[in-house]
Amino acid sequence: MGQSLSVRNLEAWYGSNKTLHGINMEIAKNEVTAIIGPSGCGKSTFIRCINRMHDTLPGAKATGEILLDGANIYANDPVELRRTVGMVFQKPNPFPAMSIFDNVVAGLKLNGMRNKKKLKEAAEKSLNMAALWDEVKDRLGHSGMSLSGGQQQRLCIARALAVEPSVLLMDEPASALDPIATLRIEELVTQLKSSYTIVIVTHNMQQAARIADSTAFFLNGELVEHGATSDIFMTPRDKRTEDYITGRFG
Amino acid sequence: MNKQDKVRTRTAIGDLTLRLLTLGMALVVVGLMIWIGWQMYVSSQESIAKFGWSFLTNRVWDPVKENFGALPFIYGTLVSSLIALALAGPIGVGVAIFLNEMASRKVRSVISFLVELLAAIPSVVYGLWAIFILAPMLRNSVEPWLNKHLGFIPLFQGSPVGLGMLAGGLILAIMILPTIAAISREVMAAVPNTQREAALALGATKWEMIRIAVLAYSKSGILGGVMLGLGRALGETMAVTMVIGNRPDILPSLFAPAYSMAAVIANEFTEATYSLYLSSLVEIGLILFAITLVLNALARLLVWSVSRGPKGGQLV
C-alpha cells in the first residue's frame, strides 16, 4: 500500500545556493503526482529530499519537515527511509557487474534476505510488475547491461520495487528513452499506482497530462500551483502556470 | 596533374610517412625487448649448458665450488613480493576508499599528495630507513611479538634478526603502496555517481554502497593496480638488497635472511671473477625477465576475465 506525504516548509541548499524556498505540499497516497517546471526550478531537488538523497551530496542541506504517514523523515535514519521510499533515476543505472537477477534482488540482499527460493519469487514478482519478466525470464543470469535502454530502465524499476517500498520517486525516468520505451514506462506508472504512491518529475508536459492524477508546477524553487492535473492544464489559477503550460517560457 | 590531385598525393604521402614513422617507433620497443632477452640468453649459454633445467631447482649457490642454482633467489623474490602484495594490497585499496569516498576535499588533496610523494622517494633512501629504523623495530618488538603469539606457525619461528625476508617484504610493501593506492583511487573516481546513487537509493549503508557500487564496478582496475605494484616489487633491487639479509637459502621462517634475484645480480656482478659465475648471474636475470613477463601476462588474463562480468555484457 502507498503512504501519503505531507511536506511542511521545506527549504534546501547546495552550499550557499538556496534551491527550495519553503515548499508546502500534500501528496495523496496511491496517486501519481507529477512535478513539472523549467530546468533549475528545484523539481529534482524536491524529490531528492523525499528520500534524503539530497543529503548525500557534499555541502547540501535541507530544513523543514516531510511527514510520511505522519512521521517526520528527518527524525529517522535515512538508510531505513530509502527502503520505504524507492527511487528511479533519469538515466538507467543497473549495476554492470551483476546479472539481471542479482540486480533485481540487490536491495533484498542488502536487507539480509538470503533464502534462494524467496529471492527467486521476489525477482519474478518485481520483474512482472515492471513488465519485464517475459523478456528476460530466459536470461536472468545475463548482465543487466545486455538489455536495451528501455529494458534497463524497467530493470531499475523492478529493482526499486523488489524491496516493496510504499512510495516510488521517479526523476525524469523516460527522458533518456525512445518514444516506445517511454510509452511502456508510462503504462507501467499508471498500473503501479494501485500499490504505490508515485511522485514523478518530468519536463514533458504531455507526459504529466497523460499519467498524473495531480500536478505541481515549480518555478525558481517555489511551488506555484498544485492541483488536479486537469485543473492545472485546463484552468490554471496562476498566470505563471498558464504561461508555462502554454509554452510562453521554459 | 591538377591541383586537387597534388593535394591528395601530398596528404597521402604525409599519412604514409606518419604511419611508417610510428610503426618504426613501435617496432623499436618490440625490438629492444627481443634484443635484451636474446642477449641474456646468449650470455647465459655457459651456465645453461652446464646446469640445464636443474639450475631452476638447485638450492645451492656456491661460487667457490662453481655450483650454481637459482632456486633460493626465485623463492626470495616471489615470497618477498607476495608479502608486499598481501600487506600493500588491502591497505592501498583502503587508502583509496578513504580518499575517494570518505575524506573531505581538503583532506583528500593533502593525503593524495603525501601518498604520491611516497612514490618519489629513491629506493636507496627507503633502504637506509629500513636498515636504521625498520630492522631494529622488527628485531626488538614486532618479531618477538609475532613469535610469542603466532610462534606455532613455522613462518614466525626462529630468533628475531631484523634483517631478513620480513624486512624485505615490508619495505617492498611500503614502496608499492603508493602505486596501488593511486591507481585504485583513479579507477574509483571513474565510477559514475549514478552507481553510488543507485545503491544508496536502495537503502544501502555507506559500506554497502562502496561494496556493491564502487568496488564491484572498479575491481578490474584495482586488480590492474595491484599487478602493477607486483611488477615493481619483483624488480626492486636496492632497498631489498639492503635489508633482506643476502643469504642464498630457503628457510621457512620469515625472520631468517633470504636473497632475491635482483639483489644477487646487483651484489655479485662485480665479484664474478670467472665466466661461469658471470653466466649464472645473467641466467638469473633471464629468469627474472621471464617471470615478470609470465606474471604480467597472467595479470592481463585475470583483469580481462574479471572485467567480463556476467554473460552478454561488458563491464566498462
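Below, read A as the first sequence line, B as the second, and so on, with proteins coming before strands; counting in each chain starts at 1. Model, not experiment: these values are computed from the prediction.
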Within [range], which positions have a heavy-atom distance to chain A below 4.5 Å?
range: residues 168-175 of chain B; result: none
range: residues 182-210 of chain B; result: B:Thr194, B:Gln195, B:Glu197, B:Ala198, B:Ala199, B:Leu200, B:Ala201, B:Leu202, B:Gly203, B:Ala204, B:Thr205, B:Glu208
range: residues 86-100 of chain B; result: none

Is [X] in contact with chain B via its backbone, its side chain, both, or neither, using a 4.5 Å heavy-atom distance?
X: A:Pro94; value: backbone
X: A:Arg159; value: both
X: A:Val85; value: backbone
X: A:Phe95; value: both

### Residue pair A:Ala97 / B:Ala216: nearest heavy atoms and the distance that separates them
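Distance-wise, the nearest heavy atoms are CB-O, 3.7 Å.
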
### Task
Tabulate, in ascending numerical order, the residues of residues 107-118 of chain A having at least one heavy atom closer than 4.5 Å to a heavy atom of chain B, or enter 'none'.
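If one takes a 4.5 Å heavy-atom cut-off, the residues of residues 107-118 of chain A near chain B are A:Gly107, A:Leu110.
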
Would you say [atom1] of [X] has more than 12 non-hydrogen atoms from neighbouring residues, nucleotides or ligands within 6.0 angstrom?
X: B:Leu32; atom1: CG; result: yes
X: B:Met33; atom1: CE; result: no
X: A:Lys120; atom1: NZ; result: no

